[in-house]
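One-based numbering, in listed order, for ligands and for the atoms of each. Sequence positions, counted from 1, serve as the residue numbers for this chain.
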Amino acid sequence: MVFNSWKQRKQSLVLLSVLLLLELQGTLPDGKSSQHSLLFCEDRLPQNVTIFGYARSKMTNEELRNMIIMNLTCKIDKRQNCNEKMDQFLKKCFCHSGQYSSEKHFMELDEKLKEKESGRSSNRLFYLAIPPSMFIDAVRCAKRSASSGNGWTRVIVEKPFGHDITSSREMTGCLKQYLTEDQIFRINHHMGEELVENLLVLRFSNLIFQPLWSRNYIRNVQFIFSEDFGAEKRGRYFDNYGIIRDIIQNHLLQILALFAMETPVSLAAEDIRNEKAKVLRSIRPVQLEDVVVGQYKDDGHGQGITSHGHPAYTDDPTVSTNSLTPTFAAATLFINNSRWDGVPFLMIAGKALHSKRVMEIRVQFRHVPGNLYNRNFGTDLDKATNELVLRVQPDEAIYLKINNKVPGLGMRLDLSHLNLLYKSMNERETPDAYGRLLLDAIEGERRLFIRSDELDAAWGVFSPLLKELEEKKIVPELYSYGSSGPAGVHYLAAKHSIRWGEFGDDP
Ligand code: BG6
């Protein structure tokens with residue numbers, strides 16, 4: 001059953017069970033349960049909701065609840081009647097221990113769920129927060145032994161969706177032995193960010209941007225992701241995937257698809273996903289000469305209890321000392337269609353960089369032809385071109401850099417910002433990306449989830465490059481922990497006449 005409106009959903013007597021399959025390592029992964037509790041506090045979940053954590057570790061309901069309490073964010077603490085709400089929420093949380101590949105253990109879970117459902121119709125949402133190697137087994141068991149008998153069953157899966165195009169197709173094939181495409185919700189949490197949703201509003205409901213959105217006015221576009229911490233504690237996972245698979249091939253490429261797609265027929269999920277799939281298929285597979293890879297080394301400040309130095313990537317005991325896995329990559333993509341022909345899309349992602357967590361889209365426009373004010377700009381005309389920045393995180397913002405006369409006598413020009421800082425215009429908390437997507441999955445709203453053909457096209461862009469990097473054992477350029485990344489990125493940007501290096505330092 002799909003709920004058509006909040007009202008209808010809240011009144012519904014249909015029971016919803018959310019089954020969180022968790023790999024527990026002392027904490028809950030990525031605050032997923034705190035998102036449930038936040039939604040619960042805001043009355044956004046169906047009244048009859050039950051949340052089951054399913055994990056291999058033996059754990060009582062009480063222990064799980066204590067773990068949830070420890071993971072709650074201060075967002076919730078600030079609410080009125082918080083304790084009351086939290087008690088109500090915790091009473092809805094239960095734990096079941098079992099193996100991910102045991103149909104018997106899932107049958108036991110089914111029994112517990114049936115007890116809660118007491119014969120009412122019920123929907124079941126499985127959230128697989130487990131290593132991908134266990135997806136298929138868990139889905140098989142869920143389907144055979146614990147799917148809903150009288151409502152819908154949906155499964156949220158989180159990346160990595162395979163390692164390359166072949167393994168991704170294999171995974172899709174296996175999932176589809178047990179589920180239909182409509183039941184699979186491939187989540188990419190950044191698609192739930194406020195600004196990513198707003199990208200479509202910006203593009204399709206503002207006349208001023210529509211005519212500009214093509215090769216005629218846009219010189220290049222940058223998609224930037226940076227973190228000021230390394231792969232610490234996740235070395236084992238990260239070393240198998242690297243930054244291209246971890247960030248560029250999914251997070252950044254999905255946003256690029258929304259940025260560059262044609263106008264969809266409607267806002268319906270399939271119309272949007274059709275356009276995304278089309279534009280992804282139009283991207284030329286990335287060429288090695290358009291790529292720079294880097295890996296962070298230590299910051300030179302020493303390590304040990306008395307120093308505050310940061311280790312190199314390969315100092316992680318779960319990473320091999322001669323690992324060639326990139327922790328930084330920059331790649332220029334080109335879209336072979338009439339709208340974007342020749343426009344470089346520079347994707348940049350790096351860990352252990354100098355700037356805090358940043359995700360941005362920067363759109364650089366062409367020069368003003370025959371600009372009367374050229375001599376006021378000095379020799380670097382690039383500096384005077386307009387730039388539109390969409391900052392996804394931190395502090396969501398949209399701003400446009402425009403040339404402006406500095407007030408006063410004389411004619412001095414300055415690049416000023418037309419700002420739309422979300423924080424200053426919106427008192428309300430910006431919803432969390434995971435929270436939004438969980439709600440979408442409950443509602444059956446699929447537009448922000450990745451369809452299998454989109455996934456296939458996305459792998460098509462990067463699989464040949466990844467194979468070449470690995471077969472030729474391309475050695476990443478080393479950069480210091482906390483620096484701005486490998487120098488090679490400046491050459492790559494210059495090769496495509498891209499002004500680069502200003503990310504994260506604007507209002
Ligand atoms: C994950 C990546 O998908 O996103 C991580 O696997 C990365 O490497 C994380 O750190 C970033 O997400 P957020 O929401 O913390 O910016």
Side-chain angles (χ1 to χ4, degrees), residues 23 25 27-35 38 71 73 75 127-133 135 156-163 168 185-197 223-256 293-296 310 313 316 318-319 323 325-329 347-361 390-397 429-438 448-450 455 458-459 462 466 481-482 485 503-504:
E23 170 137 274
Q25 285 157 345
T27 58
L28 290 174
D30 284 354
K32 272 145 202 134
S33 68
S34 70
Q35 287 318 311
L38 185 58
N71 281 272
T73 61
K75 268 191 191 172
Y127 193 126
L128 306 192
I130 51 176
S133 55
F135 281 176
I156 300 182
V157 279
E158 226 170 325
K159 69 156 228 303
F161 310 117
H163 202 254
S168 162
F185 287 70
R186 294 180 192 83
I187 198 170
N188 166 355
H189 71 281
H190 285 296
M191 292 298 275
E193 303 277 3
E194 187 65 28
L195 213 131
V196 174
E197 280 272 68
F223 293 82
I224 301 161
F225 173 95
S226 102
E227 283 178 336
D228 57 356
F229 51 90
E232 290 107 26
K233 296 197 189 131
R234 294 176 73 229
R236 196 186 304 280
Y237 152 81
F238 195 85
D239 209 43
N240 270 320
Y241 289 90
I243 199 84
I244 298 178
R245 292 182 177 93
D246 188 45
I247 303 291
I248 300 185
Q249 183 269 350
N250 51 79
H251 292 311
L252 296 188
L253 199 57
Q254 281 291 314
I255 300 177
L256 181 149
V293 285
Q295 189 187 81
Y296 64 87
H310 289 101
Y313 173 67
D316 183 328
T318 59
V319 168
S323 167
T325 301
T327 57
F328 178 103
M347 322 286 268
I348 297 190
K351 289 196 177 273
L353 295 178
H354 65 307
S355 70
K356 51 191 185 306
R357 275 171 67 211
V358 173
M359 187 183 251
E360 284 184 351
I361 308 171
L390 295 106
R391 190 165 66 216
V392 180
Q393 68 178 23
D395 297 339
E396 296 90 344
E429 285 159 13
T430 311
D432 178 275
Y434 272 112
R436 184 196 302 274
L437 292 170
L438 276 169
L448 297 174
F449 294 90
I450 308 165
L455 180 62
W459 275 119
F462 282 100
L466 288 163
Y481 196 118
F503 73 93

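Closest to atom 6 (O) of ligand 1 among all protein heavy atoms lies D246 OD1, 2.6 Å. Here the heavy atom of the protein found nearest to atom 11 (C) of ligand 1 is E227 OE2, 3.5 Å. Of all protein heavy atoms, the one closest to atom 5 (C) of ligand 1 is R234 NH1, 3.2 Å. In this structure, the protein non-hydrogen atom closest to atom 1 (C) of ligand 1 is K159 NZ, 3.5 Å.
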Under the salt bridge (charged side-chain N to carboxylate O under 4.0 Å, His left out) criterion, do R436 and E194 qualify, and how do the steps go? CA-CA 9 Å; R436 184 196 302 274; E194 187 65 28; 2.5 Å; yes

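Between I187 and V157 the shortest side-chain heavy-atom distance does not fall below 4.5 Å. Taking the side chain as every heavy atom from C-beta outward, V358 and Q393 never approach each other to under 4.5 Å.
Less than 4.0 angstrom separates some heavy atom of R357 from each of these atoms of ligand 1: 13 (P), 14 (O), 15 (O), 16 (O). Set against the non-hydrogen atoms of H190, the atoms of ligand 1 under 4.0 Å away are 11 (C), 12 (O), 13 (P), 14 (O), 16 (O). The ligand atoms of ligand 1 that sit less than 4.0 angstrom from a heavy atom of K351 are 5 (C), 7 (C), 8 (O), 10 (O). Atoms of ligand 1 found under 4.0 Å from any heavy atom of H251 (numbered from 1 in listed order, with element): 1 (C), 3 (O), 4 (O).
A parallel orientation is assigned to the rings of Y481 and H310, their planes being inclined by less than 30° (bins at 30° and 60°). Ring geometry for H189 against H251 counts as perpendicular: the plane angle is over 60°, on a 0 to 90° scale with 30° as the lower cut.
Among residues at least two apart or in separate chains, salt bridge (Lys or Arg N to Asp or Glu O under 4.0 Å) pairs with a member in residues 226-240 are E227-K351.
Taking any N or O of Q393, backbone or side chain, at least one lies under 3.5 Å from an N or O belonging to ligand 1.
Only the side chain of H189 comes within contact range of ligand 1, with a heavy atom under 4.0 Å; no backbone atom does.
Partners of P160 according to the side chain to side chain contact (heavy atoms under 4.5 Å, CB included) rule, which considers only residues two or more places apart in sequence or in another chain, are P132, Y237, Y241.
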